[in-house]
Amino acid sequence: MKFAIVGAGAIGGLLGTRLALAGNTVTFIARNRNLAAIQGEGFTLVAEDGSTLHASPGEQLRAVQRMAEAGVQDVVLLTVKAHQLQELLTELPALIGPRTLIVSMINGLPWWYFQGLAGPHEGRVLESVDPGGAIARTLPPAQVIGSIVYPAAQLEAPGRVRLIEGNRFSLGELDGSRSERIEALAQVLMQAGFKAPVSRDIRSELWVKLWGNLSFNPISALTHATLEDICRFPLTRELAARMMSEAQAIGEHLGVQFKVSLDKRIAGAEAVGAHKTSMLQDVEAGRALELEALLGAVVELARITGLPSPNLDAVYALTRLLGQTLQAQQGRLSVQAGA
């Protein structure tokens, strides 16, 4: 298969390296130092045990800056953060033909959540993650595949990614069917060394991961605490539990089945240990926060369903202000640097 990877970061690098070494044609859409590194040296993956895999630039692996240079693909893997997708909409159609699969590998509630979902909200746009429905208009819903990313990895340097743990990417058709195309995609991912189960209820699986992200990520961003710290401090553990309870009521109202208990989900987060969430890492690096997909969209669903969400609302308000404050600080620093 011909794969384009939009987002040559940690997860994109993990996928692209293994897919290229398994014989697929992989094109990274990259910029700046990452683009130069991949074009010059390819991509290196450091496995959990410290061993390395290296995919050299050439016929199986290349990097381009403009999507038009890559052309139409069999599969487009979207591995950017949710808030970055809007910026790419003018270029993405260059990668997409009538049979191209568009695989959403983005954390949080996706723009496609109500696409292909039978019921009173079918086709509804989530304004928090897709203002005005621009993403849904650009990316044909019939060609979108949902995916949940379980591996943890970090980009150590341009063109070099370290896998921390995990190798599972769940896949799901938006209408819950088990199609030939999703089976074929799962097979290719498995041949590249990944677990790629096909889910008939991708939204319920998505909520289990979101359950932790919507609570632990913003709490960690506000407190600068690790997962184990949040779970072991009684007040923040209780706050996370209240947020998760509100979210569970919203999800269940929309037909989601939570197959893991709330206590077990919190215990799982605690077991990860002294880990900084992705949102805390973004705070420390001065990057934009991935807030709308992880929490803002859940607050929007509370309004849609008419269910109470006082804890979700309060934490969302605080974290949104934090994000604006960080952006303002970055803007001032840029002006000073320019001066």
Worksheet entry | Shared hydrophobic cluster, Val161 / Val46 (ILVMFWY, side-chain heavy atoms < 4.5 Å) | no

Discussion item. Can a side-chain donor-acceptor contact be found between Ser170 and Glu205 if the only test is distance below 3.5 angstrom?
Written reply: yes

Discussion item. Could you tell me if Arg203 sits above the aromatic ring of Tyr113, with its cationic atom closer than 6.0 Å to the ring centre and no more than 45 degrees from the axis?
Written reply: yes

Practice prompt. Please step through side-chain contact (heavy atoms from CB on, under 4.5 Å) for the pair Gln60 and Val26, ending with a clear verdict.
Written response: CA-CA 6 Å; Gln60 301 301 137; Val26 174; over 6 Å; no

Worksheet item: Under 4.0 Å between a Lys/Arg side-chain N and an Asp/Glu carboxylate O for Asp175 and Arg200?
Response: no

Practice prompt. Say whether Tyr316 and Glu292, considering side chains only, have a donor N or O and an acceptor N or O under 3.5 Å apart.
Written response: yes

Item to complete: Check step by step if salt bridge (Lys or Arg N to Asp or Glu O under 4.0 Å) holds for Glu246 and Arg242.
Response: CA-CA 6 Å; Glu246 291 172 3; Arg242 290 199 301 268; over 6 Å; no

Worksheet item: Charged N to carboxylate O under 4.0 angstrom, Glu284 versus Lys276?
Response: yes

Practice prompt. Flag the pair Val144 / Trp111 as yes when at least one side-chain heavy-atom distance between them is below 4.5 Å, and no otherwise.
Written response: yes

Worksheet item: Can you tell me how far the CH2 atom of Trp112 sits from the CG atom of Asp130, to the nearest 0.5 Å?
Response: 13.5 Å

Discussion item. Run Phe43 and Ser56 through side-chain contact (heavy atoms from CB on, under 4.5 Å) and show every step you take.
Written reply: CA-CA 7 Å; Phe43 227 114; Ser56 300; over 6 Å; no

Worksheet entry | Whether Phe169 and Phe194 hold their rings parallel, tilted or perpendicular, with breakpoints at 30° and 60° | perpendicular

Worksheet item: Under 6.0 Å from the CD atom of Glu59, do we count more than 12 heavy atoms belonging to anything else shown?
Response: no

Worksheet item: Between Gln73 and Thr100, is any side-chain donor less than 3.5 angstrom from a side-chain acceptor?
Response: no

Worksheet entry | Arg237, CZ atom: more than 12 neighbouring heavy atoms under 6.0 Å | yes

Worksheet item: Under 4.0 Å between a Lys/Arg side-chain N and an Asp/Glu carboxylate O for Arg99 and Asp74?
Response: no

Worksheet item: Any side-chain heavy atom of Leu301 sitting closer than 4.5 Å to one from Leu109?
Response: yes

Worksheet item: Could you walk me through whether Leu78 and Val103 pass the side-chain contact (heavy atoms from CB on, under 4.5 Å) check?
Response: CA-CA 6 Å; Leu78 300 176; Val103 186; over 6 Å; no

Discussion item. Nearest 0.5 Å, please: how far is CG in Asp282 from CG in Leu326?
Written reply: 9.5 Å

Worksheet item: For Gln187 and Glu183, does a side-chain donor sit closer than 3.5 Å to a side-chain acceptor?
Response: no

Worksheet entry | 4.5 Å side-chain heavy-atom contact, Glu48 and Leu163 | yes

Item to complete: Give the ring-plane orientation class for Phe258 versus Trp207, where under 30° counts as parallel, over 60° as perpendicular and anything between as tilted.
Response: perpendicular

Worksheet entry | Test side-chain contact (heavy atoms from CB on, under 4.5 Å) applied to Val72 and Ile96, step by step | CA-CA 5 Å; Val72 173; Ile96 301 166; over 6 Å; no

Worksheet entry | Distance-only donor-acceptor check, side chains Asp263 and Ser261, under 3.5 Å | no

Worksheet item: Does Phe28 have Arg62 sitting over its ring (NZ/CZ under 6.0 Å from centre, angle to axis within 45°)?
Response: no

Worksheet item: Are side-chain N/O atoms of Thr44 and His54 paired as donor and acceptor at under 3.5 Å?
Response: yes

Fill in: Whether over 12 other heavy atoms sit under 6.0 Å from Arg168 CZ
yes

Discussion item. Just so I know, are the side chains of Leu174 and Leu117 near enough to count as touching, which here means a heavy-atom distance under 4.5 Å?
Written reply: no

Worksheet entry | Leu189 vs Lys195 side-chain heavy atoms within contact, under 4.5 Å | no

Worksheet item: Is it the case that Ser309 and Arg303 place a side-chain donor and acceptor less than 3.5 Å from each other?
Response: yes

Item to complete: State, without any angle test, whether Ser179 and Glu173 hold a side-chain donor-acceptor pair at a distance under 3.5 Å.
Response: yes

Item to complete: Take atom CD of Glu228 as the centre, draw a 6.0 Å sphere, and report whether it contains more than 12 heavy atoms from other residues, nucleotides or ligands.
Response: yes

